[in-house]
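Below is one structure, written out as structure tokens; comments come after it.
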2 protein chains.
Amino acid sequence: MSVRARIDSEKQKLRRLILQATTDLLAREGFEQVSIRKVASRIGYSATTIYLYFKNKADLIDHVVDDGFARFMLRLGNTGAGDSPPLRQLVAGMRVYIAFALENPNWYRVTFSSRLGRSNNDAQFLTEAATREKGFAVLAASLTQAMAAGEIPKRPLYPAVQTIWATLHGIAMLLINSPQAGIKEQRRVIEGYIELIVNGLRVR
Amino acid sequence: MSVRARIDSEKQKLRRLILQATTDLLAREGFEQVSIRKVASRIGYSATTIYLYFKNKADLIDHVVDDGFARFMLRLGNTGAGDSPPLRQLVAGMRVYIAFALENPNWYRVTFSSRLGRSNNDAQFLTEAATREKGFAVLAASLTQAMAAGEIPKRPLYPAVQTIWATLHGIAMLLINSPQAGIKEQRRVIEGYIELIVNGLRVR
DNA sequence: GACATATCTTAACTCCGTTATTTTACTTTA
DNA sequence: TAAAGTAAAATAACGGAGTTAAGATATGTC
């Protein structure tokens, strides 16, 4: 390894350390408790060092969101229903979606409560839209296959995906904000929702 | 009017002034731009005066949320579909729900992104739950009637209402966060969603 | 007219994001 | 090897935030 390469690798290491510390802090204490100063203190650096690796706080949060999204997509790609009928894959995907949201409530909240840590210029909205697109893609694949296989009637893809995603998001937020609800009730809500949405997809 | 009564009425007047200034600031500039100091400055008082009327910032925001909720409920009670069949009333309520959310995006975001301005002690979670219940009640009434009238199959009320609300919430957030979408596309998404959910309710 | 009380302001504390400046450590090179 | 240069880090500081304590001001009561 060249000197240059070692240096770069060390830079990336600290960068990842910052990201991980921020992710931890977010997961443990929630968005309001995340501050540049706390992140820096956790890893034993001064606050200003963060700015050598991220443009500002919003940029840091954005990268935490992106990292989480990568893990999210990974999970959605491994639902364990790979060779099932497409509709079953779709349902498996919906369950995984909600499960991930419940496992990472603070990350999920930040990720899908856009503009919380962002200013509202167009570029960031585009990024946000692109982020949503990634989520759409996974749902869209199963849905397209389900229609192609004749499991459900054909319909315009985009509105259907939007609706499914919106419902998934709503149920995730509902459950995240109802921590007092027992696991059993959560399952009931989730399965009730899935039944409703699948029924809706079956009829045309 | 007694002296005491006049004094109390003036206190309430300033209290309402603070609430209204906060509501305005929230609507115009978004949650991140709301600060005690700005609210006070807008109405020509010092920041500390706010604390004579509200416990702290979270308390102030909570009351803004509650005020908005009262208007929300009022609108949901006047959908203009009062003597239609229950299922039609339900659909009208869903349209009003989304319309209100789109008219008050910043209020809606704060209201249903709980814990943003709140600490997470149990009492506040209970309040939050109670707040949700109010919204549930309106949906539940139409749904109960629709089942009683035989328009849709009978099913357990609570999970169904939760699911419908979750879907409404999801679609509202989706549209709020997609300001670039045209009105026509918005309508398409909304009607597509309503079709899906009503179809889902019709089948069992 | 003196006192008491309610109302409001000023001052101050801590924490925050962020920037400018300075120090430190390391690499390169004469 | 010593000087120069550079990258990485820390310190100091600014403005703004939420909040509290203390003081000022007005208003009602006896």
Side-chain angles (χ1 to χ4, degrees), chain A residues 1-19 21-22 25-26 28-65 110 115-121 124, chain B residues 1-19 21-22 25-26 28-65 110 115-121 124:
Chain A
M1 170 156 39
S2 76
V3 171
R4 182 85 246 151
R6 176 182 56 79
I7 289 177
D8 285 356
S9 126
E10 278 168 9
K11 278 200 70 163
Q12 286 308 312
K13 211 163 160 186
L14 180 47
R15 194 189 147 89
R16 274 197 298 272
L17 190 60
I18 295 170
L19 277 172
T22 311
L25 188 59
L26 173 64
R28 276 191 231 281
E29 308 192 13
F31 179 71
E32 312 99 272
Q33 292 303 313
V34 174
S35 79
I36 297 273
R37 287 167 138 98
K38 274 191 204 168
V39 169
S41 151
R42 282 198 164 211
I43 57 176
Y45 284 83
S46 74
T48 50
T49 296
I50 309 289
Y51 289 87
L52 300 173
Y53 295 85
F54 298 93
K55 188 168 162 284
N56 51 31
K57 187 183 179 182
D59 184 40
L60 173 56
I61 298 289
D62 277 358
H63 279 90
V64 169
V65 163
V110 170
R115 283 213 265 186
L116 285 189
R118 319 182 179 208
S119 58
N120 49 1
N121 68 51
Q124 276 161 333
Chain B
M1 168 157 40
S2 75
V3 171
R4 184 82 244 154
R6 177 181 58 77
I7 289 177
D8 284 356
S9 127
E10 278 169 9
K11 276 201 72 163
Q12 286 308 311
K13 210 164 159 185
L14 180 48
R15 194 188 147 90
R16 273 196 297 273
L17 190 61
I18 294 169
L19 276 172
T22 311
L25 189 58
L26 173 63
R28 276 190 231 282
E29 308 192 14
F31 179 71
E32 311 100 271
Q33 290 304 312
V34 174
S35 79
I36 296 272
R37 286 166 140 99
K38 275 191 204 168
V39 169
S41 151
R42 281 199 164 210
I43 57 176
Y45 285 83
S46 73
T48 50
T49 296
I50 308 289
Y51 289 87
L52 301 173
Y53 295 84
F54 298 92
K55 189 168 162 286
N56 52 30
K57 186 182 180 183
D59 184 40
L60 173 56
I61 297 289
D62 277 359
H63 279 90
V64 169
V65 163
V110 171
R115 284 213 265 185
L116 285 189
R118 318 182 181 208
S119 58
N120 50 0
N121 67 51
Q124 278 162 331

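Chain A is the first sequence line, chain B the second, and so forth, proteins listed ahead of strands; every chain is numbered from 1. Computed from heavy atoms alone, side chains included, the values below leave out hydrogens, waters and symmetry copies.
Using a 4.5 Å heavy-atom threshold, the side chains of Leu17(A) and Leu14(A) count as touching. Between Tyr51(A) and Ile36(A) the shortest side-chain heavy-atom distance falls below 4.5 Å.
Between Arg42(A) and Glu29(A) there is a salt bridge, since at least one side-chain N of the basic residue sits less than 4.0 Å from a carboxylate O of the acidic one.
In this structure, CG of Asp59(B) is placed 14 Å from P of dG18(D), rounded to the nearest angstrom. Between the OH atom of Tyr51(A) and the C1' atom of dA10(D) there is a distance of 15 Å, given to the nearest Å.
For the pair Arg37(A) and Ala47(A), the tightest heavy-atom approach, listed with the atom from each and the gap, is CG-CB, 3.9 Å.
Put simply, the residue from Val34(A), Leu19(A), Val65(A) that forms a side chain to side chain contact (heavy atoms under 4.5 Å, CB included) with Leu60(A) is Leu19(A).
Comparing dA17(D), dT18(C), dT7(C) by their nearest atom to the side chain of Leu52(B) picks out dT7(C). When distances are taken from the side chain of Ser35(A) to each of dC8(C), dG17(C), dG18(D), the shortest belongs to dG17(C).
Between Tyr53(B) and dC8(C) there is a side-chain polar atom (N or O) within less than 4.0 angstrom of OP1 or OP2.
A heavy-atom distance below 4.0 Å to DNA chain D is reached by these residues of residues 37-50 of chain B, ordered by number: Arg37(B), Lys38(B), Thr48(B).
Relative to the six-membered ring of Tyr53(B), Lys13(B) misses at least one condition, a distance below 6.0 Å or an angle of at most 45° to the axis.
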